Amino acid sequence: MKILPRKFYSRPTLKVAQDLLGCFLVRKYRGKIWRAMITETEAYVGEKDLACHASKGRTPRTEVMYGEPGHAYVYMIYGMYHCLNIVTEKKDFPAAVLIRAVEIIDNPPLLNKERVGVRLNGPGKLCKFLKIDRKLNKWDLTKKDKLWLEHRGSKIKLDKIKKSKRIGIDYAQHCRESLWRFTLNS
DNA sequence: AGATTGATCCAT
DNA sequence: TGGATCAATCTG
(Lines give C-alpha, C1' and ligand atoms only; values in the text may rest on other atoms or scores of the structure.)
Protein backbone atom coordinates (compact mmCIF):
# COMPACT_ATOMS: atom_id res chain seq x y z
CA MET A 1 0.00 0.00 0.00
CA LYS A 2 1.42 3.35 -0.98
CA ILE A 3 2.02 6.07 1.56
CA LEU A 4 0.48 9.47 0.83
CA PRO A 5 3.21 11.94 -0.17
CA ARG A 6 3.57 15.49 1.06
CA LYS A 7 2.14 16.94 -2.15
CA PHE A 8 -1.14 15.13 -1.50
CA TYR A 9 -1.66 17.38 1.51
CA SER A 10 -0.33 20.51 -0.13
CA ARG A 11 -3.65 21.18 -1.89
CA PRO A 12 -6.97 22.89 -1.17
CA THR A 13 -8.27 21.50 2.12
CA LEU A 14 -11.76 20.77 0.78
CA LYS A 15 -10.21 18.51 -1.85
CA VAL A 16 -7.90 16.79 0.60
CA ALA A 17 -10.75 16.19 3.05
CA GLN A 18 -12.76 14.37 0.37
CA ASP A 19 -9.77 12.53 -1.07
CA LEU A 20 -8.94 11.20 2.39
CA LEU A 21 -12.24 9.28 2.48
CA GLY A 22 -11.49 5.64 1.83
CA CYS A 23 -7.79 6.13 2.57
CA PHE A 24 -6.15 4.18 5.37
CA LEU A 25 -4.97 5.51 8.66
CA VAL A 26 -2.16 3.30 9.91
CA ARG A 27 -0.99 3.24 13.50
CA LYS A 28 2.12 1.44 14.63
CA TYR A 29 2.12 1.02 18.38
CA ARG A 30 4.49 -1.14 20.39
CA GLY A 31 5.44 -3.13 17.29
CA LYS A 32 1.84 -3.78 16.30
CA ILE A 33 0.09 -2.29 13.31
CA TRP A 34 -3.54 -1.22 13.20
CA ARG A 35 -5.15 -0.13 9.97
CA ALA A 36 -8.42 1.75 9.63
CA MET A 37 -10.31 3.24 6.70
CA ILE A 38 -11.27 6.89 6.96
CA THR A 39 -15.03 7.32 6.62
CA GLU A 40 -15.70 10.84 7.82
CA THR A 41 -13.74 14.11 7.74
CA GLU A 42 -14.20 17.82 8.29
CA ALA A 43 -12.27 20.69 6.73
CA TYR A 44 -10.99 23.68 8.68
CA VAL A 45 -9.65 26.32 6.39
CA GLY A 46 -7.62 29.37 7.30
CA GLU A 47 -7.96 32.27 9.72
CA LYS A 48 -11.20 33.46 8.11
CA ASP A 49 -12.93 30.22 9.00
CA LEU A 50 -14.34 31.06 12.44
CA ALA A 51 -14.59 27.37 13.30
CA CYS A 52 -10.88 26.87 12.71
CA HIS A 53 -8.61 27.14 15.73
CA ALA A 54 -6.37 29.39 13.66
CA SER A 55 -9.14 32.00 13.42
CA LYS A 56 -7.60 33.48 16.57
CA GLY A 57 -4.21 33.68 14.95
CA ARG A 58 -0.90 32.03 15.46
CA THR A 59 -0.41 30.63 18.96
CA PRO A 60 1.77 27.85 20.35
CA ARG A 61 -1.22 25.58 19.95
CA THR A 62 -2.09 26.46 16.36
CA GLU A 63 1.51 26.84 15.22
CA VAL A 64 1.56 23.38 13.67
CA MET A 65 -1.27 24.33 11.30
CA TYR A 66 0.94 27.06 9.88
CA GLY A 67 3.72 24.60 9.18
CA GLU A 68 4.43 22.09 6.44
CA PRO A 69 1.45 20.02 5.27
CA GLY A 70 1.38 16.32 6.01
CA HIS A 71 1.86 16.69 9.74
CA ALA A 72 -0.51 15.72 12.54
CA TYR A 73 -2.28 18.30 14.68
CA VAL A 74 -3.48 16.52 17.82
CA TYR A 75 -5.12 18.50 20.60
CA MET A 76 -7.00 17.69 23.76
CA ILE A 77 -10.64 18.70 24.07
CA TYR A 78 -12.97 18.80 27.07
CA GLY A 79 -10.11 17.58 29.19
CA MET A 80 -10.74 13.97 28.24
CA TYR A 81 -10.51 13.43 24.50
CA HIS A 82 -7.99 13.91 21.74
CA CYS A 83 -8.78 14.89 18.18
CA LEU A 84 -6.62 14.00 15.18
CA ASN A 85 -6.20 16.53 12.39
CA ILE A 86 -4.07 16.45 9.24
CA VAL A 87 -2.34 19.69 8.30
CA THR A 88 -3.01 20.77 4.71
CA GLU A 89 -2.21 23.56 2.23
CA LYS A 90 1.04 25.42 1.90
CA LYS A 91 3.31 26.49 4.69
CA ASP A 92 2.04 29.60 6.52
CA PHE A 93 -1.57 28.97 5.47
CA PRO A 94 -3.27 27.41 8.51
CA ALA A 95 -5.66 24.61 7.60
CA ALA A 96 -6.35 21.02 8.56
CA VAL A 97 -8.69 18.07 8.13
CA LEU A 98 -10.31 16.62 11.24
CA ILE A 99 -10.68 12.84 11.14
CA ARG A 100 -14.15 12.19 12.55
CA ALA A 101 -14.67 8.49 11.90
CA VAL A 102 -12.82 5.39 10.72
CA GLU A 103 -13.67 1.77 10.12
CA ILE A 104 -11.39 -1.03 11.28
CA ILE A 105 -10.66 -2.94 8.08
CA ASP A 106 -8.15 -5.66 8.82
CA ASN A 107 -7.33 -7.97 11.62
CA PRO A 108 -4.28 -6.63 13.41
CA PRO A 109 -2.86 -8.67 16.28
CA LEU A 110 -4.34 -6.60 19.07
CA LEU A 111 -7.85 -6.56 17.67
CA ASN A 112 -10.46 -9.23 18.02
CA LYS A 113 -12.29 -10.45 14.97
CA GLU A 114 -15.41 -8.83 16.34
CA ARG A 115 -13.83 -5.46 15.99
CA VAL A 116 -13.08 -5.80 12.29
CA GLY A 117 -15.65 -3.79 10.39
CA VAL A 118 -16.55 -1.80 13.45
CA ARG A 119 -17.03 1.85 12.82
CA LEU A 120 -15.34 4.15 15.27
CA ASN A 121 -17.54 7.21 14.99
CA GLY A 122 -16.34 10.28 16.81
CA PRO A 123 -12.90 11.88 16.78
CA GLY A 124 -12.36 11.31 20.49
CA LYS A 125 -13.29 7.67 20.31
CA LEU A 126 -11.03 6.78 17.42
CA CYS A 127 -8.07 8.51 19.04
CA LYS A 128 -8.63 6.61 22.25
CA PHE A 129 -8.87 3.33 20.38
CA LEU A 130 -5.80 3.92 18.22
CA LYS A 131 -3.74 5.32 21.12
CA ILE A 132 -3.37 8.72 19.54
CA ASP A 133 -2.55 11.54 21.94
CA ARG A 134 -0.54 14.72 22.03
CA LYS A 135 2.74 12.90 21.82
CA LEU A 136 1.85 12.60 18.14
CA ASN A 137 1.25 16.32 17.72
CA LYS A 138 3.41 17.65 14.87
CA TRP A 139 4.21 14.12 13.77
CA ASP A 140 5.34 13.81 10.14
CA LEU A 141 2.77 11.58 8.44
CA THR A 142 4.87 10.95 5.35
CA LYS A 143 7.25 8.64 7.21
CA LYS A 144 6.31 5.02 7.68
CA ASP A 145 6.51 5.08 11.46
CA LYS A 146 4.06 5.40 14.36
CA LEU A 147 1.33 7.07 12.30
CA TRP A 148 0.93 7.49 8.58
CA LEU A 149 -1.66 7.37 5.78
CA GLU A 150 -1.96 5.18 2.72
CA HIS A 151 -3.78 5.45 -0.61
CA ARG A 152 -7.20 3.85 -0.88
CA GLY A 153 -7.28 0.59 -2.74
CA SER A 154 -9.91 1.57 -5.28
CA LYS A 155 -11.59 4.69 -6.55
CA ILE A 156 -14.71 5.86 -4.82
CA LYS A 157 -17.67 7.35 -6.59
CA LEU A 158 -18.38 11.00 -5.95
CA ASP A 159 -22.03 10.29 -5.23
CA LYS A 160 -20.96 8.24 -2.23
CA ILE A 161 -19.69 11.35 -0.50
CA LYS A 162 -22.32 13.07 1.62
CA LYS A 163 -21.74 16.72 2.44
CA SER A 164 -23.18 18.27 5.58
CA LYS A 165 -22.60 20.93 8.18
CA ARG A 166 -19.76 20.59 10.60
CA ILE A 167 -20.39 19.41 14.14
CA GLY A 168 -20.04 21.29 17.38
CA ILE A 169 -19.19 24.74 16.06
CA ASP A 170 -22.30 26.72 16.92
CA TYR A 171 -20.14 29.70 17.85
CA ALA A 172 -18.76 30.05 14.33
CA GLN A 173 -21.47 32.42 13.03
CA HIS A 174 -21.93 32.20 9.24
CA CYS A 175 -19.21 29.54 9.01
CA ARG A 176 -21.65 27.11 10.62
CA GLU A 177 -23.43 26.84 7.30
CA SER A 178 -20.48 25.59 5.26
CA LEU A 179 -20.97 22.03 4.05
CA TRP A 180 -17.46 21.00 4.97
CA ARG A 181 -18.22 17.70 6.64
CA PHE A 182 -17.73 14.72 4.36
CA THR A 183 -19.12 11.27 5.03
CA LEU A 184 -18.42 8.16 3.00
CA ASN A 185 -21.63 6.21 2.45
CA SER A 186 -21.23 2.46 2.30
C1' DA B 1 -30.25 17.69 29.68
C1' DG B 2 -26.16 17.00 32.83
C1' DA B 3 -21.65 15.58 34.27
C1' DT B 4 -17.21 14.83 33.17
C1' DT B 5 -12.34 17.00 32.62
C1' DG B 6 -8.06 19.88 31.75
C1' DA B 7 -5.52 22.61 28.13
C1' DT B 8 -5.70 27.00 26.18
C1' DC B 9 -6.36 31.81 25.78
C1' DC B 10 -7.38 36.37 27.07
C1' DA B 11 -8.41 39.75 30.40
C1' DT B 12 -7.13 41.32 34.64
C1' DT C 1 -3.27 34.28 37.82
C1' DG C 2 -8.39 33.45 37.10
C1' DG C 3 -12.09 32.13 34.66
C1' DA C 4 -14.55 31.30 30.45
C1' DT C 5 -14.46 28.41 26.66
C1' DC C 6 -14.28 24.16 24.19
C1' DA C 7 -13.89 20.65 16.65
C1' DA C 8 -16.73 15.20 22.72
C1' DT C 9 -18.77 11.26 24.89
C1' DC C 10 -21.55 8.74 27.99
C1' DT C 11 -25.57 8.16 30.75
C1' DG C 12 -30.39 8.28 31.45
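Protein chains get the first letters and strands the later ones, always in sequence-line order, with residue 1 at the start of each. Only a predicted model underlies this, so the values are computations on that prediction, with no experimental measurement involved.
For the pair A:Ile77 CD1 and B:dT4 C1', the computed distance is 13 Å after rounding to whole Å. Here the P atom of nucleotide B:dG6 and the OH atom of A:Tyr75 are 18 Å apart, to the nearest Å. In this structure, NE2 of A:His53 is placed 11 Å from P of B:dT8, rounded to the nearest angstrom.
Residues A:Glu68 and A:Ser10 form no side-chain contact, since every pair of their non-hydrogen atoms from C-beta on lies 4.5 Å or further apart. Side-chain contact between A:Leu25 and A:Leu147 is present, with heavy atoms from C-beta onward closer than 4.5 Å.
For DNA chain C, the contact window with chain A, defined by any atom under 4.0 Å from a protein heavy atom, covers C:dC6 to C:dC10 in 5' to 3' order.
Ion pairing between a basic and an acidic side chain is recognised when a charged N comes within 4.0 Å of a carboxylate O; A:Asp133 and A:Lys128 show no such pairing.
Contacts classified as ring-ring contact (aromatic ring centres under 6.0 Å, His included) and involving residues 74-97 of chain A (residues at least two apart or in different chains) are given here: A:His53-A:Tyr75, A:Tyr73-A:Tyr75. Counting only residues at least two apart or on different chains, the side chain to side chain donor-acceptor pair (under 3.5 Å) pairs with a member in residues 86-97 of chain A are A:Thr13-A:Thr88, A:Thr13-A:Glu89, A:Arg58-A:Asp92. The list of salt bridge (charged side-chain N to carboxylate O under 4.0 Å, His left out) pairs with a residue in residues 137-148 of chain A, not counting sequence neighbours, reads A:Arg6-A:Asp140.
A side chain to side chain contact (heavy atoms under 4.5 Å, CB included) with A:Leu141 is found for one member of A:Leu136, A:Val87, A:Ile86 and no other, namely A:Ile86.
Scanning for side chain to side chain contact (heavy atoms under 4.5 Å, CB included) contacts around A:Lys160 gives A:Lys157, A:Leu184, with sequence neighbours left out. Partners of A:Cys175 according to the side chain to side chain contact (heavy atoms under 4.5 Å, CB included) rule, which considers only residues two or more places apart in sequence or in another chain, are A:Asp49, A:Leu50, A:Arg166, A:Ala172. Residues meeting the side chain to side chain contact (heavy atoms under 4.5 Å, CB included) test with A:Ile161, sequence neighbours left out: A:Gln18, A:Leu21, A:Ile156, A:Leu158, A:Phe182. Under the rule for a side chain to side chain contact (heavy atoms under 4.5 Å, CB included), the partners of A:Lys165 that lie at least two apart in sequence or sit in another chain are A:Glu177, A:Leu179. Not counting sequence neighbours, the partners of A:Glu40 by the salt bridge (charged side-chain N to carboxylate O under 4.0 Å, His left out) test are A:Arg100, A:Arg181.
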N/O contacts under 3.5 Å, protein versus nucleotides 9-12 of chain B?
unit_1	atom_1	unit_2	atom_2	d
B:dC9	OP1	A:Thr59	OG1	2.4

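Within the 4.0 angstrom heavy-atom criterion, only backbone atoms of the sugar-phosphate kind lie near A:Gly124; the bases stay farther away.
Interatomic distance, OG1 of A:Thr142 versus CZ of A:Phe8, reported as 13.0 Å (0.5 Å rounding).
The residue among A:Tyr81 and A:Arg134 whose nearest nucleotide of DNA chain B lies closer to the 5′ end is A:Tyr81.
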Legend entry - Watson-Crick and G-U pairing of DNA chain B, under 3.5 Å, as dot-bracket with | and [ ]: ||||.||||||.
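In the region residues 161-180 of chain A, proximity to DNA chain C at under 4.0 angstrom, judged on heavy atoms, holds for A:Ile167, A:Gly168, A:Ile169, A:Tyr171.
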